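Report on one structure; see the data block that follows.
Quick note: numbers below take in every heavy atom, side chains included, and nothing from hydrogens, waters or symmetry partners. Here the structure is a predicted model, which is why all the values come from computation and not from measurement. Sequence lines set the chain letters: A, B, ... in the order given, protein chains first and strands last, and positions in each chain run from 1.
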Amino acid sequence: MADSQDVFIFNKKEEQGDSRLMASEIEDIVTLIQDEEEGVPIRTVKSFMTKIPSVVTGTDIVQWLMKNLAIEDPAEAMHIGSLIAAQGYFFPISDHVLSLKDDGTFYRFQAPYFWPSNCWEPENTDYAIYLCKRTMQNKTRLELADYEAENLARLQRAFARKWEFIYMQAEAQVKIDRKKDKTERKILDSQERAFWDVHRPVPGCVNTTEMDIRKCRRMKNPHRVKKSVYGLVEEGTQSQSPIHTPSHHCRKGTKEDVEKEILFLNTQIDRHRMKMSKVAESLISYTDQYMDYDQFVTAQEPANPWTSDDPFLWELEASKEPSQQRMKKWGFSLEEALKDPAGQELFLKFLESEFSSENLRFWLAVQDMKRRPQQDVAQRAEDIWAEFLAEGAPSSINLDSHSYERTSQNLKDPGRYSYEDAQDHIYKLMKSDSYTRFLRSNVYQDLLMAKKKPETEQGRRTSLEKFTRSVGKSLTGKRLTGLMQSS
Amino acid sequence: MLLCLHIWFLEVVSNCSDDGSHAKDHHLSLPVSTGDLTTSAMGEMEELRKEMENLKDQITAARKTFQDSTLQEAAAGVTVVGRVQLKTRKTLRGHLAKIYAMHWGTDSTLCVSASQDGKLIVWDTITTNKVNAIPLKSSWVMTCAYAPSGNLVACGGLDNMCSIYNLKGKDGNVKVMRELAAHTGYLSCCRFLSDTEIITSSGDCTCVLWDIETGTQKTVFAGHQGDAMSLGVSPDFKFFISGACDFTAKLWDIREAECRQTFGGHESDINAIGFFPNGNAVITGSDDATCKLYDLRADQELLTYQDASIMCGVTSLAPSKSGRLLLAGHDDFNVNIWDMLKAERVGVLAGHDNRVSCIGVSSDGMACCTGSWDSFLKIWN
């Protein structure tokens, strides 16, 4: 039962605007929803000749969730409710499928004993005992569903040797159950069934107890000491899934770790930082620049190949005739221009016309060297030195004396990063100098203009072709909803 | 045995990962592995921890002085994106068990997926044909990667190894080219830098840079205090980021082999991490059901993407090409689509019948692929 302290904490969260809820807090919700004062009214319902004890309706739950979790959309409340139901915290009294409906369907709350937090991993022996005892009690409400009967038959075959044992255990359980009050039994039976609906779900339902194997060993019950629902002592060892194998524990929080952390933190105190406003501006302008190229926001031309089955898009990309849109991107940054093989080619052509292509060729050579297998690196490094940096090199590049010194030092023990400084220097040079001129150059501008207005016969045909394809095949794919100006 | 249990108990107790109180008081308290510390040693630890907390407070204060605005404020004038509705264009069927990972190739039509049915499948996403179906030695695979060249794929998992496969072998058969073994914990993620280098993250809390040719470790990046769950490489291949079960994300300089920055704030394991397309910001997804955006130059968190109705952990994430949208896969079978600048949910992809375990946006941004425990992959746009 939730006491006032819990309620206070819960409300406080809302106050602080921290309306985010973690999966582990589901149990707080489930506790509160059953609270006498703050929860839904749990009541006994009279039905035909019998009474149905301890139930609430689906609508009650949905309404309560909407009110207490500040949810406006009932569909969202249903979604959350279904998540909670799927883990078995409450269940429909007349169905094996654990979901929440926003109507008069009756639901009951699960007993804390059966809550997932107790790390149940019930064995098939337990399940066999359960199904077996259900067949022993002549009550229509306890009749096995088809899939349960199939499961029982399978288990009987699997446990043929110890079936007598299982049968005896089932009988013992029935005896224990009989001692309980009739109403209490109704409730407990349904709770037990809901437990098994979670751990042995109806075919077609998701088993919510399935754990991500990466997280298993960090659970509360890491050694997965198996406890039986019915108090059986585990005999022998079953084949263990990886969940149960003891895995490596990395040592955490030693003195050494804390000392290292302190050293690191000391370097961080006075590190250079940019103002949030500047950084925000930079992010906003980047997204703005690229929005036109973002398929999820702006429908791209040509047609969406996954609907039209038309790979025209990539044929175009691969072709030597890049579209205007694609060439426009080369103007965004040097990175963008170099990323595109066609852009790289054009830039190189431009540099050749200025007799400064050795910079780009040097940069590309170093990029290539960095991707080579380790054994080739040393040779490549020397080749690059000979071509670009040595005395009288055929493609001599202009490095400042400092970088030159550093680089020649590096080459005494050539490695992948020997040219890092030199590469950075040359890149900056290209970016600030050649690249800006490239963007203004005739080579680039003429090409952009040419693609803008396809005046030629061929140009017109191409664009007509494109149009026909896109209209014909992409009507379904046309995303006019992409960029809606909301009022 | 008893001693192990004892230490484990202490680690679990002081981990407090479940009730969130771990990070609520703002300081990440490191669990103490006691074993047999004397009281004076305990006192020394206390002093050190106090010093550490003090430094963290100073850094927080320093970061605050640069908060002259927020991203949301700055983006107030930006045009609204409107409801984003993506449709399933293709469903890739063929796996027989949970899919744990997928990765697009750089050519934008091929992708590779890994499933606990013990198979690595390379798909042609246009035709939905299987280009390769590679049987794995260990079926407990957790990650896969496609090399930028398209020549290699890699995978790994509970075998603690990263296995490299050559797709372009001489006789047409796909064979294991290398088995990179040295991690002492499961392989959670791997990403190629080139055909000769690959970075891996592991449950042993470290990340490693390998030389594929020789199969040796070149650099070990240690520092995380919990399982490293995911990693991402910067667009210029000079840095990589890792997210871990110590609730932090770290930026590593590959060449200098150092941790450059650490970002905290999450209240549970970080399962997914990725770079913002311009390489200047980092996006994380956590079991605390939120995603966060951290800027590298501002050295702090810019935004948190959260909603009361989202209660399930984030398993995977991918930004759209422009960075305007963030797609995040969750345990509740859905993918949430966020407007990254305004932190508003602008769409949901609901099409899987089980947890969405992996997600990726193709290199040219034309499509997004989701993989799920329901054994299917779906292509959306």
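Residue Ile262(A) touches chain B through both its backbone and its side chain, counting heavy-atom pairs closer than 4.5 Å. Contact of Gln375(A) with chain B is made through the side chain alone, with heavy-atom distances under 4.5 Å. Looking at Gln289(A), neither its backbone nor its side chain comes within 4.5 Å of chain B, counting heavy atoms on both sides. Interface remark: Asp73(A) contributes no atoms to any contact with chain B (heavy atom separation under 4.5 Å). Both the backbone and the side chain of Gln374(A) come within less than 4.5 Å of a heavy atom of chain B. Looking at Phe264(A), the atoms closer than 4.5 Å to chain B (heavy atoms on both sides) all sit in the side chain, from C-beta outward.
Using a 4.0 Å cut-off between a side-chain N of Lys or Arg and a carboxylate O of Asp or Glu, Arg324(B) and Asp294(A) do not qualify as a salt bridge.
Remark: side-chain polar atoms of Asp68(B) are paired, donor with acceptor, to backbone N or O of Ser277(A) under 3.5 angstrom. At least one donor-acceptor pair under 3.5 Å links the side chain of Gln300(A) to the backbone N or O of Thr298(A). Judged purely by atom type and a 3.5 angstrom limit, Arg271(A) uses its side chain to pair as donor or acceptor with the backbone of Arg260(B).
Counting heavy-atom pairs under 4.5 Å between each of Asp353(B), Asp211(B), Thr65(B), Asp107(B) and chain A puts Asp211(B) at the top. With respect to chain B, the highest number of heavy-atom pairs below 4.5 Å among Lys278(A), Arg273(A), Arg371(A), Lys370(A) belongs to Arg273(A). Contact count against chain A (heavy-atom pairs under 4.5 Å) is highest for Met142(B) among Met142(B), Gln58(B), Glu258(B). Options Thr262(B), Ile212(B), Thr70(B), Asn280(B) differ in how many heavy-atom pairs under 4.5 Å they form with chain A, and the most are formed by Thr262(B).
By the ring pair (Phe, Tyr, Trp, His ring centres under 6.0 Å) test, Trp363(A) pairs with Tyr427(A), sequence neighbours left out.
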